[in-house]
A.B. asks: 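Let me give you the structure first, and then I'll get to my questions.
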Amino acid sequence: MLRAAAAAAAIFPARVAAAPAAAAAEELRYPLLRVIGTLRGSRGSVLLGRRVRFCSNSSASDSEVAAADAEANAEDATVAEEEAGSKASSAIVPTSTNIDDCLSVIALPLPHRPLFPGFYMPIYVKDQKLLQALIENRKRSAPYAGAFLVKDEEGTDPNIVTGSDSEKSIGDLKGKDLLKRLHEVGTLAQITSIQGDQVVLLGHRRLQITEMVEEDPLTVKVDHLKPYNKDDDVIKATSFEVISTLREVLRTSSLWKDHVQTYTQHIGDFNYQRLADFGAAISGANKLLCQEVLEELDVYKRLKFTLELVKKEMEISKLQQSIAKAIEEKISGDQRRYLLNEQLKAIKKELGLETDDKTALSAKFRERIESKKDRCPSHVLQVIEEELTKLQLLEASSSEFSVTRNYLDWLTVLPWGNYSDENFDVHRAQKILDEDHYGLSDVKERILEFIAVGKLRGTSQGKIICLSGPPGVGKTSIGRSIARALNRQFYRFSVGGLADVAEIKGHRRTYVGAMPGKMVQCLKSVGTANPLVLIDEIDKLGKGHSGDPASALLELLDPEQNVNFLDHYLDVPIDLSKVLFVCTANVIETIPNPLLDRMEIIAIAGYITDEKMHIARDYLEKNTRQACGIKPEQVEVTDAALLALIENYCREAGVRNLQKHIEKIYRKIALQLVRQGVSNEPDQESLGVTVNEESNSGDSITAKDEIVKDPAVEDASVANNVTNPASEEANEVNLTTEAPKEDSTSKGNKKTDGVAEDAADKATEKVVVDSSNLGDFVGKPVFQAERIYEQTPVGVVMGLAWTAMGGSTLYIETTKVEEREGKGDLVLTGQLGDVMKESAQIAHTVGRTVLLEKEPDNHFFANSKVHLHVPAGSTPKDGPSAGCTMITSMLSLAMGKPVKKDLAMTGEVTLTGRILPIGGVKEKTIAARRSAIKTLIFPAANKRDFDELASNVKEGLEVHFVDTYSEIYDLAFQSDAGTEMI
């Protein structure tokens with residue numbers, strides 16, 4: 001620790017007496033020690049000798065002291081001259097006015113801190129009248145004013161420095177209001193300079209306000225306060241401690257050193273009261289504590305106050321040093337680590353143990369491409385070599401280096417010429433497709449054809465297949481099954497809402513954050529050059545300011561162009577001819593014709609009730625039961641419940657909504673079982689048996705896992721129960737071998753467990769879901785029966801329609817509004833589209849012709865206003881296929897005859913009565929079966945489409961194929977008509 005030399009003098013008087021020259025020499029080198037060490041009493045006598053010396057090393061050698069003494073003797077004259085010059089060159093402006101005569105002064109408010117004697121303080125005077133008064137006082141050689149600290153407003157924190165707003169409020173105060181806000185004790189300050197509105201003050205002595213003389217500017221009478229002190233040892237000891245503490249602080253703060261030099265130039269040597277003022281003034285204490293020091297006249301108490309403030313300042317200084325040291329150590333540690341790493345790299349490089357970053361990168365890229373060099377195209381190898389050469393010439397810190405490195409990374413990571421071994425076994429592929437999906441014979445047949453062609457040719461070519469159909473029929477999930485059947489890698493990306501061509505073709509490398517397109521990312525991800533790529537939602541492509549993605553897909557999906565597909569980022573041709581593209585769409589009408597022309601369309605119409613029953617029973621219900629943790633013996637969902645669920649809640653063509661409802665049923669069953677106290681958590685013994693079963697039946701478990709590995713919503717697949725007899729036998733052997741062990745160890749426990757299980761079975765009843773209580777699980781039916789009439793009345797005929805959700809039946813209703821001669825007219829309602837309105841007009845014309853032929857005396861159409869309506873009115877409808885149904889409805893009204901029972905028809909009609917083909921034969925047939933229709937009428941041109949339907953769809957239907965409307969007339973109104981029937 002540091003000690004004051006005065007304390008050392010009290011203990012070692014000989015040592016202090018022998019060292020005055022050394023002290024003088026040290027004070028010349030450190031003027032701060034000289035000014036703090038000159039502590040004088042109130043009567044001007046030296047209290048501690050000529051100097052008080054701070055000893056930083058009490059064990060200094062005698063030779064050092066002698067050397068210091070010699071140096072001090074040589075410089076004594078210089079010290080005397082400096083002291084004389086210091087006193088002569090005081091910055092206090094000599095004035096003709098005696099300072100003791102200043103009994104009335106202008107009061108200046110100080111907002112932030114009090115002014116101590118010996119210190120400068122600049123203030124800003126906004127009041128022009130006050131400023132002018134100060135200037136006049138300075139011209140009269142009486143440049144003095146009183147500086148008084150402003151009191152804080154109630155509720156304010158003195159530790160928070162007031163801002164410009166409080167200064168403005170003080171500036172607005174005048175006279176007595178301002179006087180009330182000022183502390184009574186202040187400082188007599190000399191006005192050293194005035195520049196603009198800035199006034200620089202230098203404090204001299206303490207003042208106390210006695211009364212107000214003038215309000216504007218505020219002038220007050222003052223008394224000059226003189227400190228009093230006792231010249232005793234307590235004051236000396238306190239001053240020594242203040243000096244010691246100041247010395248500690250001075251070592252760390254250069255700002256304090258400047259304060260000391262400035263103070264001694266204008267005030268002179270230190271005494272007790274000046275030492276107290278100096279410590280308080282340069283401390284960071286708040287203004288109220290500083291004001292207490294200013295108001296204290298007892299020098300001893302003032303020194304105690306100052307000592308507290310300086311001690312706090314020393315603690316803050318130590319904290320600052322520790323923070324600075326910690327930060328410096330951290331920075332120096334990082335610098336040291338960096339330098340050591342650089343030296344280590346240089347050493348390893350000299351020894352050949354390690355290469356630099358560029359060489360390592362080049363070696364990595366060359367190693368990647370080395371294994372593919374035989375299969376990689378020559379133009380790609382040339383580009384890679386050029387980029388590697390360019391990489392060596394670039395600086396690692398340049399932006400071009402990063403671009404080149406990323407480019408080489410993409411070029412070398414692509415699977416150039418790497419093809420996966422394909423499966424050309426048709427029977428294995430058939431088995432996989434049947435395991436994963438029920439139905440979808442058209443898709444499966446097309447995939448098997450693709451495999452058969454590949455087997456005969458010895459190699460396969462890429463194709464573009466588009467699966468179109470309503471949501472939830474399994475378009476996306478069939479892509480995974482096709483990839484598994486062909487033994488190809490699978491990659492899927494959706495283009496729904498895509499509006500940027502760069503997502504397909506990639507970005508230019510000059511852009512920041514440029515990346516290749518989806519196809520290049522696909523090849524990198526799968527690692528083979530012949531994956532199966534599923535492009536989802538191709539009918540929902542967007543179009544924006546960044547180009548038309550549909551046009552960009554033309555190159556990607558054209559077998560003649562994708563042999564040399566050019567990505568903007570790679571800028572080298574890529575062979576995509578071996579890639580099998582499978583696209584999905586809900587409707588093909590929104591796909592641009594050039595893009596549609598490049599794809600082979602396979603329509604997936606949806607599932608009939610029987611197919612949905614199979615899917616729900618064998619796949620959806622089984623997966624949902626396992627996901628909910630329910631055992632098969634705890635629940636039973638009857639066929640009647642599933643049938644009611646399909647017909648009254650889930651009429652959609654797909655099975656997505658059906659899966660949601662089955663999950664809803666099983667969630668409610670799980671809650672019901674838990675409320676009954678059922679817990680299906682397996683114990684340790686059952687877990688052990690499960691592990692043994694799995695280890696002995698790996699083939700069977702694997703097959704089942706493949707079946708249920710993708711329970712996606714889009715998946716409309718059904719898992720066949722494929723088991724391995726050998727594995728089942730192994731399971732039986734394993735269980736029988738473990739059973740005796742259990743019996744031999746704890747027969748009594750087994751009996752006890754059996755009794756507990758019987759009790760649990762009695763307590764827990766099996767949950768049965770049938771058509772009667774189905775509403776308790778899924779709510780009220782969403783759909784009502786589409787069939788409104790058991791026997792259609794006069795003027796009403798059932799038609800068949802196609803929607804995006806599948807097929808549906810709809811009624812055409814016709815009624816007579818009024819009858820007047822020559823007022824025949826037609827009114828249409830039901831949100832009919834333009835095409836359907838035209839069909840109604842054609843039907844009205846053809847109906848008049850047929851009625852004139854069949855009943856020449858009937859003038860119904862010429863004299864009647866007819867209203868034709870198609871329920872439901874809130875559903876938009878359009879299309880030409882309702883033409884024959886409209887004619888039949890009008891003729892039924894005109895002749896007053898109802899049509900044949902359980903009859904539905906569809907077909908477009910020309911003005912000459914010809915029946916043209918329509919679309920959606922399967923969907924319309926399914927809708928007719930759902931409504932229990934027995935007789936159907938289709939255009940003769942659709943016979944081929946109907947013949948392609950599955951036998952279970954056509955079963956029980958009487959279907960007639962017609963070419964002209966006269967055939968429909970005979971079928972609808974005459975029971976003995978005979979036409980071609982199936």
Side-chain angles (χ1 to χ4, degrees), residues 331 334-335 337-418 491 493 498-527 529 544-547 549 552 555-556 562 564-576:
I331 294 175
D334 294 341
Q335 295 267 353
R337 193 177 298 107
Y338 173 76
L339 291 175
L340 289 176
N341 284 331
E342 291 298 321
Q343 290 175 1
L344 182 62
K345 287 181 182 179
I347 292 171
K348 287 184 176 181
K349 185 176 180 181
E350 289 295 330
L351 294 177
L353 300 177
E354 187 177 291
T355 57
D356 58 3
D357 293 340
K358 290 192 290 187
T359 307
L361 280 173
S362 299
K364 182 182 75 171
F365 294 144
R366 290 186 186 279
E367 183 181 357
R368 277 187 189 175
I369 204 63
E370 190 66 31
S371 59
K372 312 172 188 175
K373 187 170 287 188
D374 297 337
R375 303 185 300 270
C376 187
S378 58
H379 62 275
V380 177
L381 290 175
Q382 181 181 355
V383 172
I384 292 175
E385 288 296 332
E386 292 175 356
E387 293 297 322
L388 286 172
T389 305
K390 177 182 175 182
L391 186 71
Q392 292 295 327
L393 300 176
L394 294 172
E395 289 293 333
S397 59
S398 66
S399 59
E400 186 67 19
F401 181 85
S402 300
V403 173
T404 305
R405 180 189 60 196
N406 293 336
Y407 182 49
L408 281 169
D409 190 23
W410 280 100
L411 275 178
T412 55
V413 80
L414 291 182
W416 300 105
N418 182 24
Y491 186 85
F493 69 92
L498 190 69
D500 191 358
V501 174
E503 292 290 331
I504 307 296
K505 300 275 288 179
H507 302 83
R508 303 288 181 185
R509 291 198 304 276
T510 53
Y511 296 141
V512 176
M515 286 187 65
K518 286 291 186 183
M519 273 313 302
V520 178
Q521 297 178 34
C522 161
L523 296 178
K524 177 184 177 181
S525 176
V526 300
H545 67 279
S546 299
E555 179 185 1
L556 181 65
N562 61 17
N564 295 310
F565 177 75
L566 189 65
D567 185 88
H568 290 161
Y569 183 87
L570 294 185
D571 205 24
V572 292
I574 306 173
D575 185 9
L576 301 179

A.B. asks: Quick one: does Phe365's side chain get under 4.5 Å of Leu361's, heavy atoms only?
C.D. replies: yes
A.B. asks: To the nearest 0.5 Å, what is the distance between CG (Leu340) and CD (Gln335)?
C.D. replies: 11.5 Å
A.B. asks: Of all residues at least two apart in sequence or in a different chain, which pass the side-chain hydrogen bond (donor to acceptor under 3.5 Å, both in side chains) check with Asp575?
C.D. replies: Ser577
A.B. asks: Specify the closest pair of heavy atoms between Gly527 and Pro415, including all atoms of both residues, with the distance to one decimal.
C.D. replies: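 Looking at all heavy atoms of both residues, the closest pair is O-CB, 3.3 Å.
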A.B. asks: Could you go through residues 400-412 and list every donor-acceptor pair under 3.5 Å that involves a side-chain atom there, pairing it with any protein atom two or more places apart or in another chain?
C.D. replies:
{"unit_1": "Glu400", "atom_1": "OE2", "unit_2": "Lys390", "atom_2": "NZ", "d": "2.8"}
{"unit_1": "Thr404", "atom_1": "OG1", "unit_2": "Glu400", "atom_2": "O", "d": "2.9"}
{"unit_1": "Asn406", "atom_1": "ND2", "unit_2": "Ser402", "atom_2": "O", "d": "3.2"}
{"unit_1": "Tyr407", "atom_1": "OH", "unit_2": "Leu570", "atom_2": "O", "d": "2.5"}
{"unit_1": "Asp409", "atom_1": "OD1", "unit_2": "Arg368", "atom_2": "NH1", "d": "2.4"}
{"unit_1": "Asp409", "atom_1": "OD1", "unit_2": "Arg368", "atom_2": "NH2", "d": "3.1"}
{"unit_1": "Thr412", "atom_1": "OG1", "unit_2": "Arg368", "atom_2": "NH1", "d": "3.2"}
{"unit_1": "Thr412", "atom_1": "OG1", "unit_2": "Leu408", "atom_2": "O", "d": "2.7"}
{"unit_1": "Thr412", "atom_1": "OG1", "unit_2": "Asp409", "atom_2": "O", "d": "3.4"}

A.B. asks: Under 3.5 Å, is there a donor-acceptor pair between the side chain of Asn564 and the main chain of Pro573?
C.D. replies: no
A.B. asks: Charged N to carboxylate O under 4.0 angstrom, Glu370 versus Lys373?
C.D. replies: yes
A.B. asks: Working to the nearest 0.5 angstrom, can you tell me the gap between Leu393 CG and Leu388 CG?
C.D. replies: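 Between Leu393 CG and Leu388 CG, I get 11.0 Å after rounding to 0.5 Å.
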A.B. asks: What is the distance from atom CD1 of Ile384 to atom CD1 of Ile369, rounded to the nearest 0.5 Å?
C.D. replies: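 Interatomic distance, Ile384 CD1 to Ile369 CD1, rounded to 0.5 Å: 3.5 Å.
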A.B. asks: Can a donor-acceptor pair be found, under 3.5 Å and without considering hydrogens, that links the side chain of Thr389 to the backbone of Glu385?
C.D. replies: yes
A.B. asks: Evaluate the side-chain contact (heavy atoms from CB on, under 4.5 Å) criterion for residues Val383 and Asp571: first the C-alpha distance (whole Å), next the side-chain angles of each, then the deciding distance (0.1 Å), finally the verdict.
C.D. replies: CA-CA 10 Å; Val383 172; Asp571 205 24; over 6 Å; no
A.B. asks: Do Ile574 and Met519 come close enough that some side-chain heavy atom pair is under 4.5 Å?
C.D. replies: no
A.B. asks: Please check: side-chain N/O of Asn562 versus main-chain N/O of Leu556, any donor-acceptor pairing under 3.5 Å?
C.D. replies: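 Yes, Asn562 side chain to Leu556 backbone: donor-acceptor pair under 3.5 Å.
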A.B. asks: So, taking the atom named CG in Leu498 and the one named NZ in Lys518, what distance separates them when rounded to the nearest 0.5 Å?
C.D. replies: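 Here the interatomic distance stands at 8.0 Å.
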A.B. asks: Do you know the tightest heavy-atom contact between Gly517 and Asp567?
C.D. replies: N-OD1, 3.0 Å
A.B. asks: To check you understand the geometry: which heavy-atom pair defines the closest contact between Tyr569 and Ala514, and what is its length?
C.D. replies: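 In this case the closest contact between Tyr569 and Ala514 is CE1-O, 3.7 Å.
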A.B. asks: With a cut-off of 3.5 Å and sequence neighbours excluded, list every side-chain donor-acceptor pair involving residues 500-508.
C.D. replies:
{"unit_1": "Asp500", "atom_1": "OD1", "unit_2": "Ala502", "atom_2": "N", "d": "3.1"}
{"unit_1": "Lys505", "atom_1": "NZ", "unit_2": "Glu555", "atom_2": "OE1", "d": "2.5"}
{"unit_1": "Lys505", "atom_1": "NZ", "unit_2": "Leu566", "atom_2": "O", "d": "3.1"}
{"unit_1": "His507", "atom_1": "ND1", "unit_2": "Met515", "atom_2": "O", "d": "3.2"}

A.B. asks: Answer yes or no: is there a side-chain heavy-atom contact under 4.5 Å between Cys522 and Phe493?
C.D. replies: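 The answer is no, as the side chains (C-beta and beyond) never meet within the 4.5 Å cut-off.
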A.B. asks: Do other residues, nucleotides or ligands put more than 12 heavy atoms under 6.0 Å from the CD atom of Glu342?
C.D. replies: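 Yes, the 6.0 Å shell around CD holds more than 12 heavy atoms from other groups.
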